[in-house]
**Q** 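Sending over a structure as structure tokens; questions will come in a sec.
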Amino acid sequence: EMRETMRRFVETKVAPNAHKWHRANDYVPMDIIRELAELGVFALTASTQAAEAEPAQADSATLAVAHFAPFATSVPSTSVTIKVNGSDAITDLVFGEVVPNVVLPAGNYTVEVVPTGTVTPALTFPAVLTDGQDLLVAAIGGANGWALEPFVMVNDRTPYTDGAKVRITHLSPFSSTLPGTSVDICTEGNVKVVEDLRYKETTGYLNLPPGIYDLKIAVGSTNCPTVA
């Protein structure tokens, strides 16, 4: 069955190397692309009623995996391994890093976040992936009394036709209270773009005029001059 074939392929050929490719800023190697083609991933199906081809629907989800949990006093000390169903998927992921375009077959998974050099997960959570999903999956918290936890957002990559599509999410637990994490997103000219954004809150997608923005994160309710 295609799903099981793709699952085995991802677990044996893609997952062990994805982070290495990311760190080297490399494209997916052509031998992997060729093997995927041989599996029929890039196959086209022709409609019997129209003279056009459409790509076959892959039974998979695409993830960006992020480490936004400042649980240690130095960045190297935040290094973790991400395990998926008991197998190492991403190794030596440190605070602030994001691994994009991780493709997994649709299905049920157990995800573990294991600090490097240990065997005990600091975080374990289930993940249910469905066909066609585009997700951000992040580890957040772990500082100032906030628990280490997963944070999942669904991405919508459909562009706006009349502006720039921007979403701003606050994932920095820099205060022990929720009101204490309040920030305003401002321009250098002290014009508020977003007001009173708190930890784990998101703006949703904003439609902003195209252009170059020089933004700063200011302490909430300070009318922008006080940078957080």
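The residues of the chain are indexed from 1 along the displayed sequence.
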**Q** Return yes if some donor-acceptor pair links the side-chain N/O of Asn85 with the main-chain N/O of Thr110 below 3.5 Å, else return no.
**A** yes

**Q** Mind listing the closest non-hydrogen atom pair of Pro225 and Asn190 along with its distance?
**A** N-OD1, 4.1 Å

**Q** With side chains defined as the heavy atoms from C-beta onward, is the minimum distance between Leu135 and Met153 less than 4.5 Å?
**A** no

**Q** Please name the pair of heavy atoms, one in Thr130 and one in Ala61, separated by the smallest distance, quoted to 0.1 Å.
**A**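 Looks like O-CB, 3.7 Å.
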
**Q** Does Thr187 reach the side chain of Asp214, with side-chain heavy atoms less than 4.5 Å apart?
**A** no

**Q** Taking salt bridge (Lys or Arg N to Asp or Glu O under 4.0 Å) as the test, write out the residues that go with Lys83, two or more places apart.
**A** Asp88

**Q** Are the side chains of Val80 and Ile82 in contact, using a 4.5 Å heavy-atom criterion?
**A** yes

**Q** What closest approach, in Å, do Gly163 and Pro210 show between heavy atoms, and which atom pair accounts for it?
**A** CA-CD, 4.2 Å

**Q** Do Val219 and Leu215 share a hydrophobic cluster (ILVMFWY, side-chain heavy atoms under 4.5 Å, transitive)?
**A**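 They do not share one cluster, since no chain of ILVMFWY contacts under 4.5 Å joins Val219 to Leu215.
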
**Q** Is Lys165 paired with Asp156 through a side-chain N to carboxylate O contact shorter than 4.0 Å?
**A** yes

**Q** Are any non-hydrogen side-chain atoms of Arg167 and Thr202 less than 4.5 angstrom apart?
**A** yes

**Q** Between the side chains of Ser79 and Asp92, is a donor N or O closer than 3.5 angstrom to an acceptor N or O?
**A** yes

**Q** Rounded at 0.5 Å granularity, tell me how far CG in Leu63 sits from CG in Leu129.
**A**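 It comes to 5.5 Å.
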
**Q** I'd like to know if Glu201 and Arg198 make a salt bridge, using a cut-off of under 4.0 Å between side-chain N and carboxylate O.
**A** no

**Q** Do the side chains of Val114 and Val75 join up, straight or via other hydrophobic residues, at under 4.5 Å, putting them in one cluster?
**A**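 Each belongs to a different hydrophobic cluster.
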
**Q** Side-chain contact, heavy-atom cut-off 4.5 Å: Asn101 with Thr62?
**A** yes

**Q** Look at the side chain of Thr203 and the backbone N and O of Ile168, then say whether any donor-acceptor pair between them is shorter than 3.5 Å.
**A** yes

**Q** Check whether the side chains of Asn207 and Asp162 place a donor and an acceptor atom closer than 3.5 Å, and report yes or no.
**A** yes

**Q** Report, as yes or no, whether the 6.0 Å neighbourhood of atom CD1 on Ile217 holds more than 12 heavy atoms from other residues, nucleotides or ligands.
**A** no

**Q** Would you give the length of the straight line joining atom CD of Glu195 to atom OG of Ser182, rounded to the nearest 0.5 angstrom?
**A**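 Here the rounded value is 8.0 Å.
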
**Q** With side chains defined as the heavy atoms from C-beta onward, is the minimum distance between His170 and Thr181 less than 4.5 Å?
**A** yes

**Q** Is there a side-chain contact between Val194 and Leu206 (heavy atoms, below 4.5 Å)?
**A**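 Contact flag for Val194/Leu206 side chains = yes.
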
**Q** What pair of heavy atoms forms the shortest contact from Glu112 to Pro121, and how long is it?
**A** OE2-CG, 3.4 Å

**Q** Would a 4.5 Å heavy-atom cut-off, applied to side chains only, mark Phe71 and Ile140 as touching?
**A**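 A side-chain contact under 4.5 Å is absent here.
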
**Q** Using the rule that two of Ile, Leu, Val, Met, Phe, Trp, Tyr join whenever any of their side-chain heavy atoms come within less than 4.5 Å, decide whether Leu104 and Val128 are in one cluster.
**A** no

**Q** Would you sort out whether His67 and Thr78 count as a side chain to side chain contact (heavy atoms under 4.5 Å, CB included), showing the intermediate values?
**A** CA-CA 9 Å; His67 184 341; Thr78 65; 3.7 Å; yes

**Q** Quick one: which residue pairs count as a ring-ring contact (aromatic ring centres under 6.0 Å, His included) with a foot in residues 184-224, not counting sequence neighbours?
**A** Trp146-Tyr199

**Q** Do Phe151 and Phe174 land in one hydrophobic cluster if side-chain heavy atoms of ILVMFWY residues count as linked below 4.5 Å?
**A**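 No.
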
**Q** What closest approach, in Å, do Ser175 and Asn144 show between heavy atoms, and which atom pair accounts for it?
**A** N-ND2, 3.8 Å

**Q** Determine the minimum heavy-atom distance between Leu148 and Leu123, stating which atoms define it.
**A** O-CD1, 3.7 Å

**Q** Val99 and Val84: same hydrophobic cluster, using ILVMFWY side-chain contacts below 4.5 Å?
**A**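 Val99 clusters together with Val84.
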
